[in-house]
> 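One structure is given below, represented as structure tokens, and several questions about it will come after.
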2 protein chains.
Amino acid sequence: MNTETQIMEAAKKVFLEKGFDGTRMQNIADVAQINKSLLHYYYRSKEKLFDAVFNDTFSKFVPQVLGILNNELPLREKFILFAKAYSKMFFENPFIPSFILHELNRHPEKIVSYIKQGGTLKNSAEIPKVFFDQINKEIEQGNIRPMAPCQIIVNLLSLTIFPFVARPIIEGVILNFANIEYNSFINERIDLIPSIMMESLKPVV
Amino acid sequence: MNTETQIMEAAKKVFLEKGFDGTRMQNIADVAQINKSLLHYYYRSKEKLFDAVFNDTFSKFVPQVLGILNNELPLREKFILFAKAYSKMFFENPFIPSFILHELNRHPEKIVSYIKQGGTLKNSAEIPKVFFDQINKEIEQGNIRPMAPCQIIVNLLSLTIFPFVARPIIEGVILNFANIEYNSFINERIDLIPSIMMESLKPVV
DNA sequence: GTCTATATTGTGATAGAC
DNA sequence: GTCTATCACAATATAGAC
């Protein structure tokens, strides 16, 4: 593993956990087990290093969402696939959702710069169209109840992502009271989420 | 308005927007229009000032949740009340959810210290019991389908809070594509959320 | 209680030897 | 490419006059 990727790996670890403001360059150097000045040699400044980390992380995040929503599967299968893929991903990288949401709230303009800069989002910016069309068609045919596609997407995102962002509250207050383990709670949700999504779309008789 | 509350108001503004790591004491002093050393005169250190802000904000957050879930209304009314109260609150204080979630992820131990220290949570720690009993009773009577009360609470929290935490993504990517205003999107959700919650609980025939 | 001045340490960034 | 040494400034915190 060369120095540059070593730095990138270390930077991801530290930035993801502590955010831009909470991160010290020295801390990254320690984790990468290299000299502090090498950070500047490879990435000029803290901000440039951060941007590299952020864009890379964001690239894994958003396009996957749109990718799953874009394929040709029926609605239920999409929800199942989505809940499973994202729960697994966040389980393995617990800091990603909180990191992205926090940094985007502090610097919303980074979304714009990310889209302009290219990233994977540029190509996938048109992707929700497929999902939108699918929803509208299903509504037209009376298979599901009328609901704005945006609301459906946000429902899915909310039910899937929020439990990871709010883990300390959920674990420390809610689950603690009911004496339930966080892991089994999340596992239960993987089946629950598609079910809720489908119920919410059942046509009114 | 005396100096102490002036400082507290300013500290809330700055901490809520920038978080602990992103906040500068000078910045708070500027907003409060007082001298920097007065911050230390009244609150000894940055951390103590932050804790005062955090506990005060957290106090408005969690107990209200539990309060609404604890009253004697039927389920549907609780969901309606909840979605309305919280959407309104976050609309007026857009930084609260992101602030709390970020700081709790950085310092999960603050929940424990908050509970120990008293706050409003100490008394309300037993409150979910009422909601739990209500759910279990409804399930027993066959009025709703079996679902763990914790899952129900988290569903409600997710659907209500997440759209505020993820505003930049939702607004910049999803709504932007569909050409929808954030305000009307949120308003639509206030009615949508209780409906989803009830549908997800409809007994299986 | 409020101000000015200053101590002290931390932190991003660079210069220059090797 | 990698290291040591160091600059320049930012930031928390305190001392002490008024």
Side-chain angles (χ1 to χ4, degrees), chain A residues 1-57 95 99 102-107 109-110 113-114 117, chain B residues 1-57 95 99 102-107 109-110 113-114 117:
Chain A
M1 189 152 85
N2 63 350
T3 307
E4 192 167 351
T5 57
Q6 217 167 326
I7 291 176
M8 184 44 82
E9 290 308 304
K12 268 188 208 161
K13 261 188 214 153
V14 181
F15 273 133
L16 277 172
E17 183 176 343
K18 308 198 170 183
F20 180 82
D21 293 323
T23 291
R24 299 296 94 109
M25 294 294 265
Q26 182 62 60
N27 197 341
I28 295 176
D30 292 344
V31 172
Q33 289 179 299
I34 49 112
N35 192 285
K36 196 176 55 158
S37 11
L38 284 182
L39 299 181
H40 291 94
Y41 177 79
Y42 283 98
Y43 293 92
R44 278 184 53 86
S45 69
K46 181 185 179 183
E47 205 174 326
K48 288 206 192 332
L49 177 53
F50 175 82
D51 283 348
V53 169
F54 181 84
N55 286 338
D56 187 79
T57 307
F95 292 113
F99 167 75
H102 175 250
E103 298 300 339
L104 278 184
N105 273 295
R106 288 244 331 107
H107 306 287
E109 76 279 2
K110 284 214 185 286
S113 87
Y114 175 86
Q117 174 244 319
Chain B
M1 189 149 89
N2 62 352
T3 307
E4 191 169 350
T5 58
Q6 218 167 324
I7 291 176
M8 184 44 81
E9 290 308 304
K12 269 188 209 163
K13 260 188 213 153
V14 181
F15 274 134
L16 277 173
E17 184 177 341
K18 309 198 169 183
F20 180 82
D21 293 324
T23 291
R24 299 295 99 110
M25 294 294 265
Q26 184 62 59
N27 197 340
I28 296 176
D30 292 344
V31 173
Q33 289 178 300
I34 48 112
N35 192 286
K36 199 177 50 161
S37 10
L38 285 181
L39 299 180
H40 291 92
Y41 178 78
Y42 283 98
Y43 293 91
R44 278 187 51 90
S45 71
K46 181 184 179 183
E47 205 175 326
K48 286 203 193 335
L49 176 54
F50 175 82
D51 283 348
V53 169
F54 181 84
N55 286 338
D56 188 78
T57 308
F95 292 113
F99 168 75
H102 175 250
E103 297 300 339
L104 277 185
N105 273 294
R106 289 250 320 114
H107 305 286
E109 74 280 2
K110 284 214 186 288
S113 87
Y114 176 86
Q117 173 242 321

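So you know, we letter chains A, B, ... as the sequences are listed, proteins then strands, and number each from 1.
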> Nearest-Å distance, CE (A/M25) to C1' (C/dG12)?
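Whole-Å distance recorded here is 7 Å.
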> Classify B/Y42 by what it touches in the nucleic acid, base, sugar-phosphate, or nothing, heavy-atom distance under 4.0 Å.
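B/Y42: backbone/sugar contact only, no base atoms under 4.0 Å.
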> By nearest nucleotide on DNA chain C, pick out whichever of B/K36 and B/E4 is the more 5' one.
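By nearest-heavy-atom nucleotide position, the 5'-most residue is B/E4.
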> Taking only N and O in the side chain of B/R44, is any of them less than 4.0 Å away from OP1 or OP2 of D/dA13?
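So the side-chain polar atoms of B/R44 never come under 4.0 Å of the phosphate oxygens OP1 or OP2 of D/dA13.
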> Expressed in angstrom and rounded to an integer, what is the separation of B/Y43 atom OH from C/dT2 atom C1'?
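That distance rounds to 16 Å.
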> Round to a whole Å and report the spacing from CG of B/D30 to P of D/dA11.
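Spelled out: CG on B/D30 to P on D/dA11 is 11 Å.
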> Please check this pair: side chain of B/K110 against backbone of B/N55, looking for a donor-acceptor N/O pair closer than 3.5 Å.
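Judged by distance alone, no pair lies under 3.5 Å.
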> Nearest whole Å is fine: how far is C/dG1 C1' from B/Q6 CD?
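To the nearest whole Å, that distance equals 13 Å.
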> In this structure, how many angstroms lie between the C1' atom of C/dG10 and the CD atom of B/Q26, rounded?
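Going from CD in B/Q26 over to C1' in C/dG10 covers 17 Å.
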> Checking contacts here: which listed nucleotide (C/dT4, C/dT11, D/dA13) is nearest the side-chain heavy atoms of B/N35?
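Given the options C/dT4, C/dT11, D/dA13, the side chain of B/N35 is closest to C/dT4.
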> Is there a side-chain polar atom (N or O) of A/S37 under 4.0 Å from OP1 or OP2 of D/dT2?
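So the side chain of A/S37 is outside the cut-off, no N or O lying under 4.0 Å from OP1 or OP2 of D/dT2.
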> Taking only N and O in the side chain of B/H40, is any of them less than 4.0 Å away from OP1 or OP2 of D/dA13?
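Indeed, a polar side-chain atom of B/H40 lies that close.
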> Quick one: which of B/E9, B/K48, B/K12 gives a side-chain contact (heavy atoms from CB on, under 4.5 Å) with B/V53?
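That would be B/K12; it is the only one of B/E9, B/K48, B/K12 passing the side-chain contact (heavy atoms from CB on, under 4.5 Å) with B/V53.
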> With a 4.0 Å cut-off on N to O distance, would you call B/R106 and B/D21 a salt bridge?
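Between B/D21 and B/R106 there is a salt bridge, with a charged N closer than 4.0 Å to a carboxylate O.
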> Can you tell me the distance, in whole Å, between the CD1 atom of A/I34 and the C1' atom of D/dC3?
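The distance from CD1 of A/I34 to C1' of D/dC3 comes to 11 Å, rounded to the nearest Å.
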> Should the ring pair A/F15 and A/F20 be called parallel, tilted or perpendicular, given that the plane angle runs from 0 to 90° and is split at 30 and 60?
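Judged by the thresholds at 30° and 60°, the geometry between A/F15 and A/F20 is parallel.
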> What is the distance from CZ of B/R24 to P of C/dG10, rounded to the nearest Å?
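Result: 15 Å.
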> Could you please name the option among D/dA11, D/dT2, D/dA13 that lies closest to any side-chain atom of A/L38?
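From the listed options, D/dT2 comes nearest.
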> Just the rounded figure in Å: distance from P of D/dT2 to CD of A/Q33.
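Those two atoms, CD and P, are 14 Å apart.
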> Would you indicate whether A/E109, at its atom CD, is surrounded by more than 12 heavy atoms from other residues, nucleotides or ligands within a distance under 6.0 Å?
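Correct, the count exceeds 12.
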> Base, sugar-phosphate alone, or nothing: which one does B/S45 contact when heavy atoms must sit under 4.0 Å apart?
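Here B/S45 touches the backbone only, sparing every base.
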> Quick one: is B/Y41 getting a side-chain N or O under 4.0 Å of the C/dC3 phosphate, OP1 or OP2?
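No.
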